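Order of the sequence lines sets the chain letters (A, B, ...), proteins ahead of strands, with each chain counted from 1. Note that the structure is a prediction, hence the values are computed from the model and not measured.
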2 protein chains.
Amino acid sequence: MKKNDQITIHDIARALEIDSSTVSRALNNSSRVSEKTKKRILEKAHALGYQRNSLASNLRTNKTNTIGVIVPRISRNFFSNIISGIEDAAYQEGYNVVICQSLESFDREKKIMETLLANRVDGILLSTSMETLSLDHLKPYLTHGGPIVFYDRPCDFENCSSITINDYKGSFKATEHLILNGCKDIVYFSGPETVALYQNRKKGYVDALAKHNITYRSDYCMSSNLSENEGIRLAEQMLKLPQVDGLFSSNDTAAIGAMKYLKNQGVSVPNDIAVVGFNNHPISSVIEPSLTTINQPDFIMGQLASSMLIRQIKQGDIGVSKETEILDVELIIRNSSQKL
Amino acid sequence: MKKNDQITIHDIARALEIDSSTVSRALNNSSRVSEKTKKRILEKAHALGYQRNSLASNLRTNKTNTIGVIVPRISRNFFSNIISGIEDAAYQEGYNVVICQSLESFDREKKIMETLLANRVDGILLSTSMETLSLDHLKPYLTHGGPIVFYDRPCDFENCSSITINDYKGSFKATEHLILNGCKDIVYFSGPETVALYQNRKKGYVDALAKHNITYRSDYCMSSNLSENEGIRLAEQMLKLPQVDGLFSSNDTAAIGAMKYLKNQGVSVPNDIAVVGFNNHPISSVIEPSLTTINQPDFIMGQLASSMLIRQIKQGDIGVSKETEILDVELIIRNSSQKL
DNA sequence: ATTAGAAATACAATCGATTGTATTTCTAAT
DNA sequence: ATTAGAAATACAATCGATTGTATTTCTAAT
């Protein structure tokens with residue numbers, strides 16, 4: 001286990017009485033080495049138990065074939081599906097993936113950016129933390145590192161591309177679905193309104209109300225971090241409002257918290273209050289009544305983000321133009337929203 | 001974004017007309033540099049936008065301050081909680097964490113081992129894939145890399161330590177609970193029996209039956225990969241057995257599949273068939289009836305595994321003795337197991 | 001047998017840090 | 001003012017690869 005028994009190309013070179021540059025070229029399958037020598041080198045490398053040192057190689061070539069992914073929290077089903085998509089595409093292109101969690105903390109996000117730069121990853125996929133207001137901490141990486149692509153949570157920064165789902169449309173569809181099912185007094189659970197994504201979702205809610213001539217009331221719009229506990233707390237607050245017959249929560253987790261509370265309080269879903277969530281979280285199909293929600297193409301978004309980033313890495317600095325890709329979403333109608 | 005504008009310690013040295021070794025020592029806060037010079041260097045470093053190159057540093061010092069984590073699948077709640085625990089402890093010790101998914105594939109696991117060795121991570125936390133039968137692919141890392149600690153899925157290999165939960169006891173408790181609630185004909189859903197963890201769980205089931213003088217019947221023990229779909233398939237098979245009044249599934253996912261199928265078929269849980277799972281998956285508390293299950297200290301296991309590995313890394317080769325830590329589990333009694 | 005041109009291999013510098021040793025500078029005691 | 005010893009800094013080698021250029025070896029045409 002001690003480090004002194006590391007085999008290097010020089011050990012191979014010495015054993016075969018050739019130069020280490022030839023060994024290096026052979027191991028990289030260069031056409032400048034004869035087949036015969038390649039075979040000798042490969043055999044000796046195997047016999048000695050040679051394992052390439054990527055640190056040295058990456059230092060010399062100034063690339064790591066690695067992309068960094070910053071994710072708010074990997075335990076969220078939505079994000080772990082995105083990660084699978086990212087890895088799937090990266091894997092096929094021969095890139096490694098380093099996954100880091102910001103845990104929605106700006107300080108951690110900042111520290112992660114430094115670590116990824118110090119380790120010279122070739123590019124970064126970023127979903128900013130909920131605390132992130134300024135993007136200045138991305139500048140060092142953009143000047144000394146490589147491209148950054150935002151996924152899920154879009155940001156308008158320098159010439160960084162974004163790939164997101166159509167939050168506005170999903171929200172609009174969800175709200176309109178409640179209205180078409182007879183709801184008139186619809187509470188909206190919002191995330192932090194500093195986050196562009198939640199601004200878009202709110203706009204979808206507001207516009208759907210407007211289209212159907214329902215007045216928007218600010219006290220029907222409640223912000224939180226959308227955890228299950230916050231869902232419970234907001235549901236409690238909701239029941240104090242004069243009249244409520246529908247709830248649209250901008251994520252499933254808070255919707256589920258609310259449904260648990262409502263069930264406890266003897267409020268019937270959907271008959272008293274119809275509920276729609278957002279995310280198509282696995283629990284949404286298991287809870288009773290099953291939760292109507294918005295499905296997002298998470299895996300595909302991961303794949304697309306990954307290949308977009310790798311394309312930009314390969315292009316190099318020049319010619320990378322800012323792109324914005326918006327993926328379509330789907331309303332999944334279940335039992336929580338259909339009044340009998 | 002181009003790489004030619006990388007600032008190195010030599011740029012700082014040149015700007016201040018001092019030697020790069022002094023710059024290096026200053027940046028590492030060595031006592032061999034005067035405070036006055038340190039201040040000048042730090043200021044200049046900041047002014048030039050210097051960012052340390054970890055590749056070079058790691059190459060020279062022959063350590064990366066990074067541990068590798070191989071996990072079957074990060075999207076599983078159980079594993080993402082473990083990862084959070086691992087990161088929590090590593091973070092406090094100043095270590096970075098690289099997370100890799102094997103997706104239960106032996107080939108991927110093998111490839112990941114090579115990549116982690118090539119990148120010279122200081123140690124590895126490993127939960128082997130379900131396909132992994134031989135551990136020979138770990139040998140290169142053990143000889144040229146660093147220590148490996150197994151978590152969750154224990155393995156007996158060289159002097160690698162393991163940290164697991166008490167699968168035997170959990171399984172025993174779960175089975176006994178069903179028996180004490182009146183079950184006599186208990187079906188058992190097993191994972192692949194090549195995996196030590198599932199051997200332990202099976203033994204718990206078998207021993208609990210024996211303790212209560214219930215004959216073990218091999219046709220009541222059904223193996224699968226424990227996916228939700230396999231749970232459905234096995235439930236179907238289960239209903240063909242002459243008599244069944246209880247089901248113990250060695251994970252929640254398969255139990256949930258089974259419960260969905262039973263509900264479909266009009267079989268009452270718990271009255272016709274009482275069900276107990278394993279994992280305390282978030283869905284288990286939401287499904288109706290709520291699922292009795294075994295809670296595992298996942299986050300804590302991650303923390304312990306991480307600090308055990310880091311301790312071994314710091315100790316170095318000599319003096320690392322094989323440890324086996326087994327964490328206690330807890331039976332969480334809900335509605336699916338209590339016949340009325 | 002000679003030789004031009006291609007093929008194969010060797011030489012040497014380099015990526016950006018770290019670190020043991022040598023040298024210079026400073027401090028304080030005489 | 002001198003000087004011993006400590007403090008601060010410089011020198012030079014090194015980690016393990018890669019790569020442009022120089023040299024050697026081979027091939028095939030004369």
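Across the protein-nucleic acid pair, E17(B) atom CD and dA10(D) atom P stand 10 Å apart, rounded to whole Å. Taking atom CD1 of I18(A) as the reference point, atom P of dT24(D) lies 18 Å away to the nearest angstrom. A straight line from CD1 of I9(B) to P of dT9(D) spans 15 Å, rounded to a whole angstrom.
Nucleotide dT30(D): paired with dA1(C) (Watson-Crick or G-U wobble, both distances less than 3.5 Å). With a cut-off of 3.5 Å on both Watson-Crick or G-U wobble distances, the partner of dA6(D) is given as dT25(C). Base pairing of dG20(D): its partner is dC11(C), meeting the Watson-Crick or G-U wobble criterion (both donor-acceptor distances under 3.5 Å).
Using a 4.0 Å heavy-atom cutoff across all strands shown, S34(A) reaches sugar-phosphate atoms only and no base atom. In this structure, L27(B) reaches neither bases nor backbone, as no heavy-atom distance under 4.0 Å exists between it and the strands shown. Residue L55(A) is classed as having no contact, given no heavy-atom separation below 4.0 Å to the nucleic acid. N28(B) comes within 4.0 angstrom of the backbone, heavy atoms only, and of no base. In this structure, S54(B) reaches neither bases nor backbone, as no heavy-atom distance under 4.0 Å exists between it and the strands shown.
Side-chain nitrogen and oxygen atoms of S57(A) include at least one within less than 4.0 Å of the OP1 or OP2 phosphate oxygen of dT18(D). At the phosphate of dA17(D), neither OP1 nor OP2 sits under 4.0 Å from any side-chain N or O atom of S24(A). At dT18(D), none of the side-chain N or O atoms of T61(A) fall inside 4.0 Å of OP1 or OP2 (strictly under the cut-off).
Minimum interatomic distance between I41(B) and T22(B) (heavy atoms only, all atoms of both residues): CD1-O, 3.9 Å.
Classification of R14(A) and D11(A) as a salt-bridged pair holds, one side-chain N sitting under 4.0 Å from a carboxylate O. Between R73(B) and E87(A) there is no salt bridge, since none of the side-chain N atoms of the basic residue sits less than 4.0 Å from a carboxylate O of the acidic one. At a threshold of 4.0 Å, the pair E35(A)-K39(A) does not count as salt-bridged, since none of the basic side-chain nitrogens sits closer than that to a carboxylate oxygen.
With distances taken from any side-chain atom of H10(A) to the nucleotides dG16(D), dG16(C), dA10(D), the minimum falls on dG16(D).
Checked by distance alone, S21(B) brings a side-chain donor or acceptor within 3.5 Å of a matching partner on the base of dC11(D). One N or O donor and one acceptor, one from the side chain of R25(A) and one from the base of dG20(D), sit under 3.5 Å apart. Judged by distance alone, with hydrogens and angles left aside, R32(B) brings no side-chain donor or acceptor close enough to the base of dT23(C) to form a pair under 3.5 Å. Evaluation of atom-type donor-acceptor distances gives no pair under 3.5 Å for the side chain of T8(A) against the base of dC15(D).
Of the two residues near DNA chain C, Q51(B) and S20(A), the one whose nearest nucleotide lies more 5' is S20(A).
Distance check, rounded to the nearest 0.5 Å: CD1 of I18(A) to OG1 of T37(A) gives 6.5 Å.
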